Each structure stands twice: as structure tokens, then as C-alpha cells.
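Below: one structure, written as C-alpha cells.
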Amino acid sequence: MDARSHDVAVDLLAWYDTHARKLPWRSPPGGRAPDPYRVWLSEVMLQQTTVAAVKAYFAEFTRRWPTVHDLANAPEGEVMAAWAGLGYYARARNLLACALQVSARGGAFPETEDGLRALPGLGAYTAAAVAAIAFGQRAVVVDANVERVVSRLFAIEDPLPGSRPSIRRHADTITPDERAGDFAQAMMDLGATICTTRNPRCLLCPLSTVCVARQTGEPERFPVKAAKKARPQRQGRAFWIEREGAVWLVRRPGKGMLGGMRALPDDGWSARQDGSGKAPLEGAWEPAGVVSHGFTHFGLDLHVATYRGNETVSPGADGGEWWRLDALADAGLPTLFAKAVRLALATTGVDA
DNA sequence: GATCCGTGGAA
DNA sequence: TTTCCAAGGAT
């Protein structure tokens with residue numbers, strides 16, 4: 001008996017009935033149908049992001065914007081600032097674009113996978129997840145948890161990402177017609193708590209008797225993954241220009257790295273190349289130190305330079321603004337620049 | 001299909 | 001310390 005001939009869904013759903021995680025965006029067992037707005041918001045926040053990191057953001061977003069109409073009517077700058085620190089900022093831009101589309105059609109999300117897939121920020125995973133969880137549609141929901149669980153259940157030897165089509169076909173064979181949303185969440189709970197990347201807890205797994213990878217004796221070997229490329233290390237500069245209790249902040253271009261977010265001026269560093277080292281104005285710059293930050297595909301050493309003077313300066317770049325130091329917490333800076341700010345503030349420019 | 005896009009926690 | 005990676009999407 002293995003996963004190819006056993007009704008996996010029955011065992012998994014029975015396990016889920018007693019072991020489901022209690023999460024803020026889930027309706028209580030036997031409770032009302034879930035609110036599609038909250039399901040959608042949580043799924044977008046959870047893209048490549050841990051449950052622990054999402055909780056506070058979900059609470060704040062639903063407090064400030066309880067319905068999709070409230071979110072659609074929010075100023076873009078406020079939404080971007082509220083997203084600051086969560087990462088992958090294109091999600092915030094798409095979130096607002098999606099809210100505007102849904103609000104314009106009366107506030108009701110499409111109920112089909114295809115209809116959801118057409119909305120900004122909803123790819124194959126999120127469209128399937130919302131269709132299943134919010135609307136009870138049968139959909140094959142495949143995220144990183146499901147990839148891991150399925151590749152182990154069937155001991156799929158082909159490496160990711162090439163094995164995705166095969167994993168999806170196998171996932172389809174075990175997806176039930178009923179309780180599609182519970183099944184999807186059960187697979188993800190299993191992956192998050194039992195069938196973990198390292199040290200899977202097979203002794204507690206409801207599917208251990210049918211899992212082919214467990215029978216091989218080395219379940220942790222799955223999913224097989226292709227080798228990764230090395231991350232380059234880049235050098236860049238950020239510039240702290242302070243005057244009369246305020247600092248000069250800019251707004252980054254809408255697309256690309258940290259797109260649309262407030263930031264300190266910099267020297268043009270990117271994933272592709274080091275910065276030019278050129279400052280936005282001539283003057284007596286003082287080094288404040290270096291911030292090391294790891295992005296997905298490159299590392300950055302950000303050298304922070306400070307300029308503090310009372311004479312009039314013209315940082316030049318339009319789109320900037322003087323931002324009160326006592327209100328910096330409200331600027332909505334992404335983590336890289338929040339680190340740089342801490343460094344600059346620590347070197348208060350007190351003359352020796 | 002490959003690349004780009006954040007962050008923080010775990011081991 | 002460094003490496004890996006988590007409820008992926010857009011191009």
C-alpha cells in the first residue's frame with residue numbers, strides 16, 4: 001500500500017480535524033464561511049513569507065481597512081508604508097490594484113480559479129488557494145509545502161524546479177472533490193509542522209504508512225533540488241543629509257528593487273553592479289559605518305555617509321522631501337534603509 | 001525557462 | 001558564521 005493506491009485525503013482530513021493550526025485569518029471550526037477579503041489578503045501576505053512575520057501585518061491591515069472597499073480607497077503611500085518591512089513590495093502595489101478592481105465590481109471577488117487568476121498579484125498558487133479556501137472550489141493548490149509533501153509521498157527523483165509539472169499531476173490525484181479548502185490547508189499545515197524541510201517528524205505523520213520517501217529511509221532527501229548559483233556581493237553607498245532636525249528622503253522608482261518605497265539617496269547600486277560612489281552634493285561627508293544586508297540573489301555592503309550642515313543645501317533629486325527625525329518611524333522605510341538610519345542616528349555627528 | 005524581487009528565523 | 005528558505009508573481 002502506498003500513496004498511489006490509498007485515499008490520502010481521508011487520512012489527512014481526519015488529522016486536520018484535530019491538528020489544524022489556529023490562525024487569525026481562519027474561521028473557527030464549524031463557524032461561518034471565511035471572508036474572501038481576509039483569505040485573499042492573508043494569502044498575498046503569506047507569499048514567500050512566514051506565518052510569524054505575517055500576523056502583525058494582517059492584524060494592522062484588517063484593523064485599518066476592514067473591507068476591500070476601505071483598502072481600495074486608501075492612499076497608495078499609506079498602503080506602501082504599512083507594508084514596509086514585509087518585503088517583496090510589488091505585492092503591495094498589486095494588492096491595491098487588485099482591491100480597486102474588486103471594489104469597482106461591487107466588492108465581490110471572482111469565485112472561480114480562472115477569474116481570480118486574472119487579478120493583479122494572483123498567480124497559480126494564490127488563485128487556487130482562494131478558490132478552494134474562500135469558495136470551496138476543487139482546485140489543485142501547490143505551494144512549497146505541497147511540493148515537499150508530494151515529492152516525499154511519491155519519492156519524486158526529478159529535481160525542482162523541473163519537477164513542478166510532475167508534482168502538480170501527483171497533487172491532482174490526491175485532491176478530493178469535497179472540503180477542498182480544508183485539504184489545501186491540511187497539506188500546508190502538515191508541511192509546516194510535520195513534513196518539515198529538516199528533521200521531518202515521520203513518527204507523528206498521518207501519512208507515514210503510505211509515504212514512499214519514508215520507505216526509502218531518507219525522506220529528508222526529498223524534494224531533490226537543482227544546485228543554486230552563488231550570490232554576488234555588491235558595494236553601495238547611502239547618504240544621510242540632515243538639516244534642522246530633518247533628513248532628506250527620496251521615493252524610489254515604482255518598479256525594480258524596493259520599488260515605490262521611501263529611501264535614503266544612494267549611488268545607484270543594484271543587483272547587477274556596485275554603486276558609483278558619487279554623492280548627491282559636494283560637502284564634508286563623514287562615514288557612519290557599513291550595513292550588511294542579504295537580498296535573495298545578492299548581498300550588499302551599504303556604506304552610510306552623513307552630511308550635517310546648517311548652510312543651505314540642494315540635494316537636487318526631485319521627488320524628495322525633508323522628513324522630521326522625530327517622525328522617522330512613520331516614513332515606511334524598508335529594512336535596509338531602516339538599518340542605515342539606525343547607524344546614522346547612532347553617529348550623531350557630535351564633534352570631537 | 002531564467003531572473004528578479006525582501007525579510008528574518010532556524011540550524 | 002553562513003546558508004537555507006517560507007502559503008510566489010511578474011516579466
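Every chain is numbered from 1, with letters handed out A, B, ... down the list of sequences. It should be emphasised that the depicted structure is a prediction, and the values quoted were computed from it without experimental measurement.
Contact annotation for Ser42(A): no contact, since no heavy-atom pair falls under 4.0 Å across all strands. Base contact: Arg21(A) has a heavy atom under 4.0 Å from a base atom. Heavy atoms of Ala271(A) sit under 4.0 angstrom from primed sugar atoms or phosphate atoms, though from no base atom. Across all strands shown, Thr335(A) has heavy atoms under 4.0 Å from sugar-phosphate atoms exclusively, and none from any base. Residue-level contact check: Trp40(A) touches neither bases nor backbone, having no heavy atom under 4.0 Å from any strand. Residue contacts shown for Gly294(A) include a base, since a base heavy atom lies under 4.0 Å away. Contacts of Ile133(A) with the nucleic acid, taken as non-hydrogen atoms under 4.0 Å apart, are absent. Residue contacts for Leu336(A): at a heavy-atom cut-off of 4.0 Å it reaches the sugar-phosphate backbone alone, with no base atom in range. Counting any heavy atom pair closer than 4.0 Å across all strands shown, Lys225(A) reaches sugar-phosphate atoms only and no base atom. As judged by a 4.0 angstrom heavy-atom cut-off over every strand, Lys229(A) is placed among residues touching the sugar-phosphate backbone only. If you check every strand for non-hydrogen atoms under 4.0 Å, Met188(A) touches a base. Residue Ala129(A) is classed as having no contact, given no heavy-atom separation below 4.0 Å to the nucleic acid. Contact annotation for Arg148(A): backbone-only contact, meaning every heavy-atom pair under 4.0 Å involves sugar-phosphate atoms and none involves a base.
Judged by distance alone, with hydrogens and angles left aside, the side-chain atoms of Asp70(A) form no donor-acceptor pair with the main-chain N or O of Trp65(A) at under 3.5 Å.
Here chain A contacts DNA chain C (any atom closer than 4.0 Å to a heavy atom, that is under 4.0 Å), and the contacts span dC5(C) to dA10(C) from 5' to 3'. Nucleotides of DNA chain B with any atom under 4.0 Å from a heavy atom of chain A span, from 5' to 3', dT3(B) to dG8(B).
Atom-to-atom distance recorded for Glu78(A):CD and Asp330(A):CG is 11.0 Å, nearest 0.5 angstrom. Thr49(A) OG1 to Met45(A) CE: the interatomic distance, rounded to the nearest 0.5 Å, is 9.5 Å.
The residue among Gln48(A) and Ala52(A) whose nearest nucleotide of DNA chain B lies closer to the 5′ end is Gln48(A). Residue Thr50(A) is the one, among Thr126(A) and Thr50(A), whose nearest nucleotide of DNA chain C lies closer to the 5' end (criterion: closest heavy atom). The nearest heavy atom of DNA chain B to Pro161(A) and to Gly256(A) marks one nucleotide each, and the one closer to the 5' end goes with Pro161(A).
Taking the ring centre of Trp269(A) as origin, the terminal cationic atom of Arg252(A) falls inside the region bounded by 6.0 Å and 45° from the ring axis.
Asn94(A) and Arg91(A) share no side-chain donor-acceptor pair at under 3.5 Å.
Note: Tyr307(A) and Trp285(A) have tilted aromatic rings, judged against thresholds of 30 and 60 degrees for the angle between ring planes.
Annotation: Phe295(A) is in aromatic contact with His293(A) [ring centroid separation under 6.0 Å].
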Check against ring pair (Phe, Tyr, Trp, His ring centres under 6.0 Å), Phe239(A) and Trp248(A): CA-CA 9 Å; Phe239(A) 301 100; Trp248(A) 184 253; over 10 Å; no

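The cluster map of Ile, Leu, Val, Met, Phe, Trp and Tyr, joined by side-chain heavy atoms under 4.5 Å apart, puts Ile194(A) and Val150(A) in the same cluster.
Under a 4.5 Å side-chain heavy-atom criterion applied to ILVMFWY residues, the cluster that includes Tyr88(A) comprises that residue alone.
The same atom, P, is picked in dA7(C) and in dA11(B); the two are 14 Å apart, to the nearest Å.
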